[in-house]
Every structure is written in structure tokens, then in C-alpha cells.
Student: 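Structure provided below as C-alpha cells; questions to follow.
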Amino acid sequence: MLDDDLTELCRDSERESKRALTPGSKDIYVQLVLSFALGVSAFIAFCILRPRWKTLYAARKRHTNPEIALPVLPDSFLGWIPALYRVTEEQVLASAGLDAFVFLSFFKMSLRLFGTMLFFSVVVLWPIHKAFDYDSWPDSGRPKPPNDTSIYLRSPFDSLYPDETFALAMKDKSKPDDKIPSYLWSYLVFTWFFSLLTIYFMNAETFRVVKTRQDYLGTQSTVTDRTFRLTGIPKDLRTETKIKEFVENLEIGHVRSVNLCRNWSEIDGLMVQRRNILRKLEEAWSAYRSQNAMVSRSAIRNNIVSDENEQGDDHDDHDDHEEHADENRRLLASDSLRGLVGERERPKIRLRFGFLKMQNRKIDALDYYEEQLRQLDRKILDARKKDYAPTDTAFVQMDSIAACQMAIQATVDPRPGQLLIKPAPSPYDVIWKNTYASRYRRRLQSGAVTIFITSLTILWFFPVALLAQLLSICTISQIAPSLASTLQRHEVTRALVRTGLPTLVVSLLNVLVPYLYDYLSNIQGSISQGEVELSVISKNFFFVFFNIFVVYAVSGSAALADFWQIIKDSLSDTNTIAAKIAASITTLSNFYLNFIMLQGFGLFPFKLLQFGSVSMYPFYRMGAKTPRDFAELVQPNLFNYGFYLPTALLIFILCLVYSVLPGSELVLLLGVCYFGLGYFVYKYQLLYSMDQPQHATGRAWPMICRRIILGLISFQVVMLAILVLRKAFSEAALIGPLIVLTLWYNYYFHKQFIPLTKFIALRSIKRDSDPGRQSNPDQDEGQPMRLARRMSTIDEDREKGLSFINPSLIAPLQQPWIYKDPPPPISPAESADSSIPIHSEDRDITTSQRYNTTVSTSSSLSLGDTHVWRENGDNNV
């Protein structure tokens with residue numbers, strides 16, 4: 001009997017493909033329990049490990065100024081949550097910067113918006129759905145209304161429909177039609193209301209973000225704020241002197257310095273080779289020093305005793321010498337022990353040479369790598385003295401922020417593509433190898449990557465659809481009938497296969513793609529890491545929006561044939577795609593509910609736990625060989641906005657799309673829980689455990705708003721399709737003006753807010769913090785300054801002592817890190833007097849004088865600084 005039921009269940013493959021994606025009410029409860037089980041276990045593990053692994057969960061160094069220092073989080077199990085909640089937005093700005101502020105502002109806005117929509121959904125829409133929306137499927141177990149005069153919709157809590165037609169309107173033709181328009185008016189009214197409410201919240205939050213950004217950037221003074229990037233420089237202007245004269249002739253201010261980018265590929269290549277050789281030398285030294293353990297304690301003791309006996313005869317006559325020898329014995333383990341240790345076998349390396357590298361011999365690895373390092377040091381020092389061919393890009397530093405902003409916001413040259421002025425990224429954010437790449441090469445790279453990503457996004461649906469179909473009872477019955485019968489026999493296991501596994505597979509496969517897109521964005525030719533970060537956000541959102549929303553919304557299942565067949569039919573009949581979208585959105589409601597539950601309740605605690613870092617740490621630990629490797633193990637993980645923001649935007653759109661349909665109260669409730677949990681999780685990571693070195697100055701906000709507008713249009717199109725399919729043409733026609741209004745707001749947003757999210761308004765600049773300018777004479781002395789600070793911002797701290805110079809020209813040459821403590825920095829004067837190039841830093845003092853900057857030791861100090869952070873991790877909460 002069970003096999004017959006299973007055969008009947010799998011008779012229609014198309015129906016089963018939808019069943020794999022649209023679980024029933026029991027499946028929702030199973031998914032909820034599964035998500036809570038995963039999330040609660042990860043959250044308990046985090047609360048237990050947080051006070052014990054502070055080098056991981058409190059890795060970020062906080063601002064040293066006590067006025068803006070972050071609060072110390074208690075070590076209690078849940079005591080850190082109220083302390084984290086009390087962290088103000090001013091502290092977020094001071095500690096994490098504008099990008100973190102904008103990211104968290106999106107979650108706060110979403111939380112307020114969906115909380116408001118949830119109230120109206122429960123108070124108004126839920127009674128309407130309860131009174132009019134009934135399931136016409138006889139097996140649903142719900143009573144039918146007394147009169148079949150209404151439209152019946154499938155509730156997301158009910159069992160499956162045999163096909164999508166049961167999700168459409170069901171109307172008794174013998175009854176009057178006047179009740180149908182009156183019922184569907186609620187759909188129209190709340191489509192307008194929720195759309196305008198979303199625009200209102202987004203517009204209000206944009207005003208707040210813009211004001212905060214202008215005040216924040218206008219009251220700080222960094223080299224980035226005074227510098228612009230000049231591209232498209234003609235060949236006759238490619239000298240520092242001519243560029244300075246050209247800019248000053250514009251009469252917008254005085255030029256403080258000009259750094260013309262040149263073709264530094266030679267010296268950059270040498271620096272890469274030196275880093276590789278330095279790593280190999282450190283590994284050879286680590287292998288050599290690890291042989292210390294081979295010397296037995298008895299041998300060490302016998303050598304020390306014999307050494308003492310030999311010196312005991314003349315102990316009374318040479319007290320001073322004995323004291324000195326005792327000190328040397330403690331530090332160097334005596335001459336005898338040094339001889340014993342000196343007998344250790346030195347590491348070897350096999351060097352191939354001759355015709356086709358067919359001959360080889362073993363040589364001393366330490367001597368070989370030290371000699372390679374000496375030769376590279378000499379080449380680098382010689383390369384730093386060379387003159388390189390100039391490129392069409394330069395960084396021009398003005399004497400004031402106002403002068404720089406006037407140049408950025410102006411059109412300088414009437415010729416297209418010539419002398420374009422753009423905002424400069426932060427010095428530590430510049431990708432220098434792309435500054436001397438030709439413009440056409442960067443465009444070719446960008447175009448090739450875009451084409452590849454577009455193709456991959458479309459083709460990625462194949463493995464997702466294949467796995468989603470395999471994880472269905474019908475498919476399992478064809479491969480393993482006994483297993484399928486067992487799964488079908490137990491309701492919980494059947495729900496787990498139809499609910500948890502497809503959603504989990506889709507989520508896990510979508511986790512892999514951002515890493516690939518991050519790599520592709522890095523080779524796209526962007527000038528700064530901030531641009532790369534924004535590119536990753538855009539690409540990953542396109543991927544998740546297309547694969548998780550568009551394809552499923554059109555096909556209504558994971559069957560790829562459905563998608564292409566519907567697209568083909570839509571070319572001849574436009575009603576086909578409208579009908580399919582309306583049906584698919586209804587039948588896929590439970591799939592998206594499960595997706596939101598898994599992302600919120602199940603995966604957020606794992607992000608808080610940093611499960612990936614914790615699980616991979618043993619492997620990284622086994623692969624670490626040198627002190628530099630161990631120091632890098634304890635550096636804070638990087639927070640990549642492109643990995644987290646696209647999924648949040650997709651869930652925002654899903655909550656909008658289902659905000660009016662039956663079951664909207666559950667969708668909005670899950671949306672509130674998702675953005676509430678996300679706000680706390682990301683707030684903790686951005687402030688305490690992870691670092692975000694990118695410098696985008698909040699430019700992600702326009703991208704967020706444009707995608708919210710895309711979600712609004714998707715929401716309105718879906719509602720229009722549903723109303724048209726139910727023959728409510730009057731209501732559907734009134735949604736048309738709403739779509740036009742949304743498109744107009746997109747145009748308004750671009751005109752009004754985009755310039756303020758890219759530039760600094762001249763009136764926002766605080767003059768007394770702007771070198772080269774006097775304070776604003778029109779301001780009353782008694783009036784307090786906007787956002788007046790007595791401390792530096794995070795950007796000012798990062799950019800102290802930096803300038804727009806390729807680090808390969810001025811960076812200190814790092815010494816081999818052999819012992820536990822990092823090698824001490826060597827001043828340029830000591831480096832010049834040193835006779836051993838391996839221990840020298842940059843001896844090219846003329847290079848620093850030429851570029852009018854001081855040699856920054858930040859690169860040589862960074863690893864040692866993190867090493868100290870590891871030793872004192874428990875004190876850095």
C-alpha cells in the first residue's frame with residue numbers, strides 16, 4: 001500500500017518538482033525546529049567561547065581615546081548583549097567608520113519598516129485574509145465559506161496543491177461579481193500604502209545618512225580629503241611641474257604636491273619576489289631551529305657541568321671573568337653547547353640547472369636564500385633610483401579640502417575622456433598595480449569579467465536545479481526505493497527532505513559564489529579596494545536576485561525546463577508570464593519562508609561564532625611554520641560587505657513581495673526577526689571581532705537604495721499580475737501610476753542624493769580643521785560647531801604619515817622574522833651604515849626626499865604589533 005502511494009505521489013514529475021520547493025505546514029514547523037536547533041547550539045557555543053578566545057572574538061583594537069572608547073563587554077553568559085545594545089551611533093562612527101554606520105543603518109531602517117508593516121498586517125490584513133481567503137483544495141482540512149462568492153487563495157500554512165492552478169482565483173459564476181472588487185481593493189490599497197511607507201522610511205534614512213556623512217567628512221582633515229585623482233593626462237602634461245601649473249591656472253587653490261603615477265611594474269615585481277624569498281628563508285630558519293629539540297637534556301647538562309669543572313680551578317683568580325662567562329652561559333648556552341647545537345644538519349634545497357633543468361644538486365638553503373635576498377635588496381635599491389615612464393594618472397594634493405572638492409565637482413576639459421578629476425581613494429586603499437595599467441586594458445578586463453559573471457550567474461542555476469530535484473522523494477524513489485519508502489513512512493523525515501535539505505543546499509551553494517566573485521572583482525582593474533568592495537556587492541546581489549528570486553518566481557520550481565519553456569511561451573503570449581508569476585509567487589511562499597528562517601535563526605549564530613575561522617584554524621595552525629605565520633593567524637578576520645549585504649537585500653525584497661499576500665504576518669515577523677538578529681550580530685563583528693580596511697566613505701548607501709527601489713517595482717509588478725489574473729482590471733490599472741511614481745522617485749533620488757553621497761559639500765567643511773584656510777568669519781563664536789571633535793576620526797588615525805606614493809618606492813625592507821619577537825625596525829641612518837644588506841631597510845634617502853615624505857614603518861611594525869596583541873589578548877576586551 002505504501003509503495004502504491006509512493007508511485008501515485010511520483011506519477012507527475014512536474015508536480016513533484018514543485019513539491020520539492022513548496023513544503024506544507026508540517027514542513028514549516030520542521031524547518032523552524034531545525035533552524036532553532038542549529039542557531040541555539042551555535043549561540044551557546046559562542047557565549048561559552050567568547051570570554052575564553054578573546055584574540056578571536058575581541059580581536060579589533062579599539063580607539064585609544066577614552067572619550068570614544070567602546071565599552072568593555074562583560075564576560076558573563078548574556079551580559080554582553082545589553083552592553084552591545086548601549087553602544088551609540090557616535091561610537092560606531094568613531095570606532096568602525098562610515099561604512100559600518102551605513103551598513104547598520106540599513107538593518108535599523110528595515111527593522112523599523114517591517115515592524116510597522118507587521119502591525120498593519122496583523123490588525124487589518126490578517127482579518128481580511130481569514131474572512132475571505134480559503135483553500136478550495138478538499139484535503140486541506142479547512143472549512144469552506146458559506147457562500148462561494150469570494151476568491152480562494154492557498155494559505156502558506158496549508159498542504160500542497162497538486163498544481164499551481166489551485167493557487168489562482170476560484171469564483172462562482174452564478175453569484176454577482178460586486179464582492180470581488182470590494183475584496184481586492186484591500187490589495188490595491190496596501191500595495192500603495194506599503195510602497196509609500198517604504199519610500200518614506202528610505203527617504204528619511206537617506207537624509208540622516210547624508211547629514212551624518214557630510215558632518216563626519218566635513219569635520220575631519222585627511223590627506224584623502226585634500227587629494228583628487230587626475231586621469232586622462234595628455235602626454236605633453238605628464239610631469240609634476242606641468243600638472244601643478246595646470247591645476248593652479250584653474251584658480252581654485254594652491255597645489256601642495258603632485259604624485260604622478262609611473263610604470264612601476266619592475267620594482268613591484270622585485271618586491272613580490274622579495275616577499276616570496278623572505279618567506280622561504282623564514283621557513284628554512286624555522287626548520288633549522290626546530291632541530292633544537294633533538295638535543296637531549298642530559299647532553300646539555302653534561303656539557304654545562306664539564307664546562308663549569310674546567311673553569312673551576314681558577315675560579316678565585318678570575319671572578320670578573322667568571323661572572324661574565326656565567327652571563328654568556330645563560331644567554332648563549334656556553335661554547336660547548338654552541339658547538340653541540342652547531343652540529344645540527346642545516347636544511348638543504350635541491351637546485352636544478354643545465355639543459356632543460358635536468359641536472360640538480362643539493363645546496364644549503366639558508367645560504368642560498370640569504371644570497372637571493374641580498375641580490376634582491378641591491379636590485380630594489382637600484383630600482384628605486386630609476387626614472388620610470390609616466391602614465392596618464394596622477395594624485396594631486398591641494399592646500400585645502402574646499403579647493404579639492406571644487407575641482408572634483410567641476411568639468412575641467414572640453415575634450416571627452418581628457419583630464420578627468422575624480423575623488424581619490426585612501427592611500428592604504430590604492431591598488432598600485434592598476435594605477436599604471438592602461439585605461440583600455442582595464443576596460444577590457446572589466447568587460448571580460450562582467451561577461452563571465454553574467455554567464456556564470458545564468459549557468460549556476462544548473463547545479464542548483466539538479467541538486468534541488470535530487471533532494472525530493474520522487475527522485476530518491478527512482479534511485480533507492482526502500483529509502484524513499486522509509487522517508488515517506490515518517491512524516492518528520494519526509495518534511496526534512498522536502499524542507500531542510502533543498503533550502504540548505506541552495507544556501508550553501510550560494511555561499512561559494514561570493515568568494516569567486518570577490519576574486520574576479522580583484523582582477524577587474526579597479527583602482528582601490530573600496531571600488532572592489534562595491535563591485536562585489538553589485539555582482540553578488542545580481543547573482544542571488546536572479547537565481548533565488550527571478551528564476552524561481554518565473555518557473556515556480558527548480559525545474560530548468562519550466563523556466564525556459566515559460567520564457568519561450570511568453571514571447572508569443574504576454575499573459576503567460578504574468579499568470580506564471582502570480583501562481584509561482586503563491587506556491588513558493590513556504591520555500592522563501594524556510595529560506596528566511598534558515599538565514600536568520602540558523603545561520604546568523606554561526607556567523608557570530610565565526611564557524612569558518614574556528615573550523616579552519618587547526619588546518620591553518622598545522623600549516624604555520626614561521627613566527628610570521630603564527631602572527632598572521634591571530635589577526636582579525638576581514639568583514640566583507642559584499643558577502644553579507646546582498647542576502648540581506650534579497651530578504652528585504654522577499655518581505656516586500658509577500659507583505660500583502662496571505663500569510664504576510666508570518667513573512668513580516670520573520671523579516672523583523674532577521675533584521676533584528678542581523679543588526680546585533682553585525683554590530684558585534686564590526687566593533688569587536690572583525691576589521692574592515694576598505695575605505696568607501698558610505699558609498700554603499702546609494703546601491704542599497706537602488707536595490708530597494710528594484711524590490712518595490714518587483715513587488716508592484718507581482719501584485720499587478722495577481723490582480724490581472726483575477727480579472728480585477730480596475731485595481732490592476734491603478735497600480736500602474738504607482739510604478740510610474742516609483743520610477744520617478746528613482747530619478748529624483750539620483751539627482752538629489754547621489755552627489756551628496758559622492759562629494760563633500762563646501763558648506764559642510766569645517767574651516768578651522770582645514771589647513772590653509774581660516775575659520776568661517778560668518779559664524780558666531782558662541783555658536784557651537786557641528787559635530788565638533790576634540791579627537792581624531794578612524795580615517796585620520798589610519799592616514800597619519802601616509803601619502804600617495806607607491807609603497808614599493810619607500811617601504812622599509814622587512815627583515816627575516818626568525819625568533820619569537822619581531823625584528824626591531826632600523827632607522828634609515830642605521831640602514832645606510834649597515835654592511836649587511838639583509839638587515840638593511842631603505843637606504844635610498846634621496847627617494848624619500850624626492851617624494852617629500854617620511855618613510856613609514858607601519859609595514860614593518862604591523863606583524864610585530866599583532867604578535868603583541870596575541871600575547872596580551874586577554875586584556876584587550
Student: Tell me whether Gln692 contacts the main-chain N or O of Leu638 through its side chain, where contact means a donor paired with an acceptor under 3.5 Å.
Tutor: no
Student: Atom CG of Leu756 and atom OG of Ser764: how far apart are they, to the nearest 0.5 Å?
Tutor: 8.0 Å
Student: Dump the intermediate steps for salt bridge (Lys or Arg N to Asp or Glu O under 4.0 Å) on Arg208 and Glu89, then the final yes or no.
Tutor: CA-CA 12 Å; Arg208 194 175 72 90; Glu89 292 183 342; 2.7 Å; yes
Student: Looking at Met117, is its backbone amide N or carbonyl O close enough to the side chain of Ser121 to form a donor-acceptor pair, meaning the two atoms are under 3.5 Å apart?
Tutor: no
Student: When you look at CZ of Phe729, are more than 12 heavy atoms from neighbouring residues, nucleotides or ligands closer to it than 6.0 Å?
Tutor: yes
Student: Go through the steps to decide whether Phe606 and Phe611 satisfy the test ring pair (Phe, Tyr, Trp, His ring centres under 6.0 Å), and finish with yes or no.
Tutor: CA-CA 6 Å; Phe606 277 92; Phe611 180 76; 5.4 Å; yes
Student: Is a donor on one side and an acceptor on the other found under 3.5 Å between the side chain of Glu533 and the backbone of Tyr641?
Tutor: yes
Student: So does Gly642 get a backbone contact from the side chain of Asn540, meaning a donor-acceptor N/O pair under 3.5 Å?
Tutor: yes
Student: Output all residues satisfying side-chain contact (heavy atoms from CB on, under 4.5 Å) with Val40, sequence neighbours left out; order by chain, then residue number.
Tutor: Phe36, Ile44
Student: Got Leu98 and Trp701 here, is their nearest side-chain heavy-atom distance under 4.5 Å?
Tutor: no
Student: Is it true that a side-chain atom of Tyr684 and a backbone atom of Tyr57 form a donor plus acceptor pair closer than 3.5 Å?
Tutor: yes
Student: Could you check whether Gln716 and Ser195, counting side-chain N and O atoms only, form a donor-acceptor pair closer than 3.5 Å?
Tutor: yes
Student: Is there a donor-acceptor contact under 3.5 Å from the side chain of Thr116 to the main chain of Arg112?
Tutor: yes
Student: With a 3.5 Å distance limit and no angle check, can you tell me whether Glu205 reaches the backbone of Met202 through a side-chain donor-acceptor pair?
Tutor: no
Student: For ring pair (Phe, Tyr, Trp, His ring centres under 6.0 Å), just list the numbers for Phe675 and Phe604, CA-CA rounded to whole Å, side-chain angles, deciding distance to a tenth of an Å, and then say yes or no.
Tutor: CA-CA 10 Å; Phe675 286 102; Phe604 264 142; 8.8 Å; no
Student: Could you tell me if the ring centre of Phe194 sits under 6.0 Å from that of Phe120?
Tutor: no
Student: Counting only N and O atoms by type, is there a donor-acceptor contact under 3.5 Å from the side chain of Thr757 to the main-chain atoms of Ile754?
Tutor: yes
Student: Take Ser538 and Arg706 through the side-chain hydrogen bond (donor to acceptor under 3.5 Å, both in side chains) test and state the conclusion after the steps.
Tutor: CA-CA 11 Å; Ser538 178; Arg706 282 194 289 264; over 6 Å; no
Student: Which is it for Thr457 and Tyr517 under the side-chain hydrogen bond (donor to acceptor under 3.5 Å, both in side chains) test, yes or no, and what are the steps along the way?
Tutor: CA-CA 10 Å; Thr457 300; Tyr517 283 7; 2.7 Å; yes
Student: Can you name the closest pair of heavy atoms from Pro74 and Ala83 and give their distance?
Tutor: CD-CB, 3.9 Å
Student: Checking ring-ring contact (aromatic ring centres under 6.0 Å, His included) against Phe114, which of Phe652, Tyr658, Tyr674 comes through?
Tutor: Phe652
Student: Examine the side chains of Gln610 and Asn637 and answer whether a donor and an acceptor come within less than 3.5 Å of each other.
Tutor: yes
Student: Could you go through the side-chain contact (heavy atoms from CB on, under 4.5 Å) check for Gln214 and Ile760 one step at a time?
Tutor: CA-CA 6 Å; Gln214 293 293 322; Ile760 304 176; 4.0 Å; yes
Student: Quick check against the 3.5 Å criterion: does Lys683 have a side-chain atom that pairs as donor or acceptor with the backbone of Leu84?
Tutor: yes
Student: Say whether Arg50 and Ser689, considering side chains only, have a donor N or O and an acceptor N or O under 3.5 Å apart.
Tutor: no
Student: Quiz question: by atom type and distance under 3.5 Å, do the side chains of Ser664 and Ser659 form a donor-acceptor pair?
Tutor: no
Student: Ring pair (Phe, Tyr, Trp, His ring centres under 6.0 Å) for Tyr644 and Phe639? Distances and angles first, verdict last.
Tutor: CA-CA 9 Å; Tyr644 308 122; Phe639 189 92; 4.8 Å; yes
Student: Is the ring pair Phe43/Phe77 parallel, tilted or perpendicular, if the boundaries are 30 and 60 degrees?
Tutor: perpendicular
Student: Applying ring pair (Phe, Tyr, Trp, His ring centres under 6.0 Å) to Trp185 and Phe190, what does each step give before you reach the verdict?
Tutor: CA-CA 9 Å; Trp185 277 109; Phe190 276 93; over 10 Å; no
Student: Would you say that more than 12 heavy atoms from the other residues, nucleotides or ligands in this model lie under 6.0 Å from the CH2 of Trp126, or not?
Tutor: no
Student: Is the backbone of Lys607 close enough, under 3.5 Å, to the side chain of Gln685 for a donor and an acceptor to pair up by distance?
Tutor: yes
